[in-house]
Amino acid sequence: MIRRMEAGDLKEIAALEQICFSVPWSESAFRRTIARPEYRYLVETENGRIVGYGGLLMIGEEGDIISIAVRPDSRNRRIGRRLLEELLQRGREEGVCAFTLEVRVSNAPAIHLYERAGFAAVGVRPGYYEKPREDALIMWKRPAGDGTITT
């Protein structure tokens with residue numbers, strides 16, 4: 001089930017951040033962010049447990065996919081795909097026409113997911129990521145389309 005992230009989710013989300021990212025956000029950073037009207041964070045749950053989450057920052061007609069994270073033991077089950085599709089849909093419903101994101105150049109599974117969703121690489125941000133230092137691939141989805149990911 002996909003639903004909006006709630007304050008009660010933040011301890012579990014912060015723990016998932018620790019697992020998935022080398023420079024994780026803190027629980028308090030999430031608390032500040034989800035309170036702001038331009039952000040949309042979603043979680044997918046199974047049996048009362050959060051198995052993944054994703055975030056979208058909306059600025060005018062543009063949306064920035066902030067992150068998508070899935071528990072390692074829940075990967076390869078299309079959770080990231082469902083979260084991405086839902087973020088795109090909700091963004092379009094609120095007037096977003098184009099979406100962007102950054103992804104580590106070495107993260108082939110995520111790049112593949114984004115390409116299947118209609119994102120295209122348009123550039124590189126040198127040294128964008130830390131621990132380890134790595135370039136980010138800049139991707140855009142224009143026009144937004146229907147958000148359906150092809151197989």
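Residues take their numbers from the sequence shown, with the count starting at 1. Predicted model only: the values in this text are computed from it and were never measured. We use all heavy atoms of the structure for the numbers below, so side chains are in, but hydrogens, waters and symmetry mates are not.
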May I ask you to test the [X]-[Y] pair for a side-chain heavy-atom distance under 4.5 Å?
X      : Y      : value
Thr45  : Asp9   : no
Glu27  : Ile13  : no
Arg32  : Tyr39  : no
Tyr128 : Ile138 : no
Trp140 : Glu62  : yes
Phe119 : Ile65  : yes
Ile2   : Arg82  : yes

Taking all atoms of both residues into account, what is the closest heavy-atom pair of [X] and [Y], and its distance?
X      : Y      : answer
Arg104 : Pro132 : NH1-O, 3.0 Å
Val105 : Glu134 : CG2-OE2, 3.4 Å
Cys20  : Val70  : SG-O, 3.6 Å
Leu137 : Ala121 : CD1-CB, 3.7 Å
Leu101 : Asp64  : CA-OD1, 3.9 Å
Ala98  : Arg142 : CB-CG, 3.5 Å

Nearest 0.5 angstrom please: [X] [atom1] to [Y] [atom2], how far?
X      : Y      : atom1 : atom2 : result
Arg125 : Asp135 : CZ    : CG    : 11.5 Å
Leu57  : Arg36  : CG    : CZ    : 7.5 Å
Leu56  : Glu86  : CG    : CD    : 11.0 Å
Thr33  : Arg40  : OG1   : CZ    : 13.0 Å
Ile79  : Leu84  : CD1   : CG    : 13.5 Å
Arg3   : Glu44  : CZ    : CD    : 11.0 Å

Problem - Distance-only side-chain donor-acceptor flag, Gln89 / Glu85, under 3.5 Å - result: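 No donor-acceptor contact under 3.5 Å links the two side chains.
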Do the side chains of [X] and [Y] join up, straight or via other hydrophobic residues, at under 4.5 Å, putting them in one cluster?
X     : Y      : answer
Ile68 : Tyr129 : no
Val96 : Val122 : no
Ile19 : Val51  : no
Leu87 : Met1   : no

Practice task
Decide if atom CG of Asp73 counts as having more than 12 heavy atoms of other residues, nucleotides or ligands within a radius under 6.0 Å.
Solution key: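 Yes, the 6.0 Å shell around CG holds more than 12 heavy atoms from other groups.
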Handout entry: Arg49 atom CZ, neighbour heavy-atom count above 12 within 6.0 Å
Key = yes
Exercise for the section: Keeping the roles fixed (side chain from Arg78, backbone from Arg75), state whether a donor-acceptor pair exists under 3.5 Å. Expected result: no
Problem - Ser22 side chain to Glu130 backbone, donor-acceptor under 3.5 Å - result: yes
Practice task
Please lay out, stage by stage, how Glu46 and Ser74 fare under the test side-chain hydrogen bond (donor to acceptor under 3.5 Å, both in side chains).
Solution key: CA-CA 10 Å; Glu46 290 179 355; Ser74 297; 4.9 Å; no
Handout entry: For Phe30, ring pair (Phe, Tyr, Trp, His ring centres under 6.0 Å) partners two or more places apart
Key = Trp25, Tyr41, Tyr53
Handout entry: Salt bridge flag under 4.0 Å for residues Arg71 and Glu12
Key = yes
Handout entry: Lys/Arg-Asp/Glu bridge criterion (N-O < 4.0 Å) met for Arg90, Glu94
Key =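 No.
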